[in-house]
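See structure below.
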There are 2 protein chains.
Amino acid sequence: MEKIKKLLEGTPLKATPQRLAILKEIAKFGHIDLDSIYKNLSRTFPSMSLATVYKNLHTLKEHGVIKELNINEIKNKYEIAAQKKHHHLVCKVCGEVTDIFLDTTQITEQTKSLEGFDVDYCEVFCYGVCSKCKEKEKGN
Amino acid sequence: MEKIKKLLEGTPLKATPQRLAILKEIAKFGHIDLDSIYKNLSRTFPSMSLATVYKNLHTLKEHGVIKELNINEIKNKYEIAAQKKHHHLVCKVCGEVTDIFLDTTQITEQTKSLEGFDVDYCEVFCYGVCSKCKEKEKGN
DNA sequence: ATAATTGCAAATTTTTTGCAGGTTC
DNA sequence: GAACCTGCAAAAAATTTGCAATTAT
């Protein structure tokens with residue numbers, strides 16, 4: 001997976017097997033929390049230590065390789081930073097996070113006129129119920 | 001402060017001095033994190049225990065009296081739920097959070113057409129630098 | 001060779017819990 | 001009086017740290 005290794009270019013971070021595995025896991029799921037990374041990888045990579053996952057998520061975030069998503073009611077999730085700008089759709093029932101591409105010019109326009117505050121970027125989180133969970137709810 | 005007591009109407013929650021003090025503190029600051037609530041109140045209310053703050057924030061959130069804000073890089077903050085709908089401006093330097101009133105019809109329109117996903121509400125967080133911090137940065 | 005990284009165990013920090021004694025409605 | 005709360009201390013969970021051995025560049 002050269003694609004994964006490339007994510008580290010321009011950083012002083014080394015391409016260790018553990019680190020690459022963590023990045024691959026994040027890329028695979030799109031959005032995933034620390035525990036799931038650890039549990040999933042432990043299966044195929046038994047020596048992987050929890051501390052390594054902690055340290056890596058911290059370091060990778062610090063160097064802008066990944067982003068941390070702070071979402072209501074669920075554990076923080078991580079995603080690869082090098083992606084087209086997007087926002088997030090969160091299912092309040094199952095916690096699944098999906099990328100969503102929104103035109104946010106209206107918001108950007110409004111933030112331009114804020115007195116004294118320089119806005120760098122805006123994040124939008126949309127909360128609702130995904131189709132899978134909607135189906136299940138009908139069943140009850 | 002009858003205004004504070006009224007926030008508990010319709011819930012089975014009792015108006016204890018501790019709870020009212022916590023709510024008053026949240027209302028006073030607009031947005032405040034758990035530690036600050038505890039530290040601030042400890043001064044005027046020495047017997048206030050940290051566990052009580054934890055339990056109250058949990059219960060008050062559970063009953064929709066307050067909302068928890070999950071913000072990038074800073075500790076979760078709490079705000080009174082019974083407010084006009086608004087969004088948030090976050091200073092990346094000092095962490096101060098300010099309410100902002102945005103017209104989000106453009107986003108709402110877009111989420112209506114999402115296949116299979118029912119969106120209940122969208123949250124917008126705008127990150128940047130506040131005027132105070134901008135001033136200080138100039139100084140350096 | 002150098003600087004970075006890992007895994008482990010210990011240390012910290014954060015959050016939750018159980019319960020006895022009080023309080024609110 | 002019933003249900004709910006508080007404060008305390010203990011327990012559990014989450015996160016960080018130090019360090020010796022190993023690995024990537």
Side-chain angles (χ1 to χ4, degrees), chain A residues 1-2 4-25 32-66 68-78, chain B residues 1-2 4-25 32-66 68-78:
Chain A
M1 276 291 146
E2 280 308 307
I4 292 292
K5 234 180 208 171
K6 271 199 175 157
L7 297 173
L8 300 175
E9 276 179 7
T11 74
L13 305 181
K14 292 179 175 174
T16 65
Q18 290 87 339
R19 179 165 291 153
L20 294 176
I22 290 169
L23 282 173
K24 211 178 291 183
E25 195 69 11
I32 187 170
D33 62 70
L34 186 146
D35 271 337
S36 304
I37 293 173
Y38 176 60
K39 281 174 195 156
N40 293 352
L41 289 184
S42 292
R43 244 173 272 141
T44 55
F45 204 143
S47 74
M48 172 77 67
S49 105
L50 184 55
T52 295
V53 180
Y54 269 104
K55 285 172 185 167
N56 267 291
L57 290 182
H58 183 265
T59 312
L60 290 167
K61 190 179 121 187
E62 203 91 304
H63 287 88
V65 180
I66 62 174
E68 186 180 64
L69 303 180
N70 307 99
I71 306 172
N72 293 347
E73 312 310 325
I74 64 176
K75 281 183 265 186
N76 289 345
K77 295 200 174 194
Y78 298 86
Chain B
M1 276 292 146
E2 281 307 308
I4 293 292
K5 234 180 208 170
K6 272 200 175 157
L7 297 173
L8 300 175
E9 276 179 8
T11 75
L13 305 180
K14 291 180 174 172
T16 66
Q18 290 88 339
R19 179 164 291 154
L20 294 176
I22 290 170
L23 282 172
K24 211 179 290 185
E25 196 69 10
I32 186 170
D33 63 70
L34 186 146
D35 272 338
S36 305
I37 292 173
Y38 176 60
K39 280 174 195 157
N40 293 351
L41 288 184
S42 291
R43 244 174 271 141
T44 54
F45 204 141
S47 73
M48 172 78 65
S49 104
L50 185 53
T52 296
V53 180
Y54 270 103
K55 286 171 184 168
N56 267 291
L57 291 181
H58 183 265
T59 313
L60 289 168
K61 190 178 122 188
E62 203 92 303
H63 287 87
V65 180
I66 62 175
E68 186 180 64
L69 303 180
N70 306 100
I71 306 171
N72 293 346
E73 312 310 325
I74 65 175
K75 280 181 266 185
N76 289 345
K77 295 199 175 194
Y78 298 86

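To find a chain, count down the sequence lines: A is the first, B the second, and so on, and within it residues start at 1. As a basis for the values below, the full set of heavy atoms in this structure was taken, side chains included, without hydrogen atoms, waters or symmetry mates.
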How many whole angstroms separate atom CG of B/D35 from atom C1' of C/dT14?
9 Å

Please tell me if the side chains of A/N70 and B/L69 come closer than 4.5 Å, counting only heavy atoms from C-beta onward.
no

So, with a heavy-atom separation below 4.0 Å from DNA chain C, the residues of residues 36-48 of chain B are none

Rounded to whole Å, NZ of B/K75 lies from P of C/dT14 at a distance of 7 Å

Are B/K5 and B/L20 close enough that some pair of their side-chain heavy atoms sits under 4.5 Å apart?
yes

So, A/H63 side chain and A/T59 main chain: donor-acceptor pair closer than 3.5 Å or not?
yes

Just grab all the side-chain hydrogen bond (donor to acceptor under 3.5 Å, both in side chains) pairs involving residues 39-49 of chain A, residues at least two apart or on different chains.
A/E25-A/N40, A/S49-A/T52

Distance check, rounded to the nearest 0.5 Å: B/Y78 atom OH versus B/I37 atom CD1?
7.5 Å

To the nearest 10 degrees, what angle separates the axes at the start and end of the helix from C/dA1-D/dT25 to C/dC25-D/dG1, five pairs each?
60°

Rounded to whole Å, please give me the gap between CG in A/L60 and P in C/dA4.
15 Å

Roughly how far apart are B/L60 CG and B/L7 CG, rounded to 0.5 Å?
9.0 Å

Less than 4.5 Å apart, side chain to side chain, heavy atoms only: is that true for B/I66 and B/I22?
no

What are the bounds, 5' to 3', of the part of DNA chain D that sits under 4.0 Å from heavy atoms of chain A?
D/dA14 to D/dT25

Spatial distance of atom NZ (A/K75) from atom CD1 (A/I32) [nearest 0.5 Å]:
10.5 Å

Atom NE2 of B/H58 to atom P of C/dT14: distance rounded to whole Å?
19 Å

Gap separating the CD1 atom of B/I71 from the CG atom of B/N76, nearest 0.5 angstrom
7.5 Å

Return the minimal non-hydrogen interatomic distance between A/L50 and A/Y38, and the atom names on each side.
N-CE1, 3.5 Å

Working to the nearest 0.5 angstrom, can you tell me the gap between B/L13 CG and B/L23 CG?
9.0 Å

Once base and sugar-phosphate atoms are separated, protein heavy atoms under 4.0 Å mark nucleotides 18-25 of chain C, 5' to 3', with B, S and - as BB----BS

So how far is it from A/L57 CG to A/K61 NZ, rounded to the nearest 0.5 Å?
9.0 Å

When rounded to whole Å, the CG to P distance for the pair B/L57 and C/dT14 reads 15 Å

Which pairs with one or both residues in residues 10-20 of chain B pass side-chain hydrogen bond (donor to acceptor under 3.5 Å, both in side chains), sequence neighbours excluded?
B/R19-B/N56

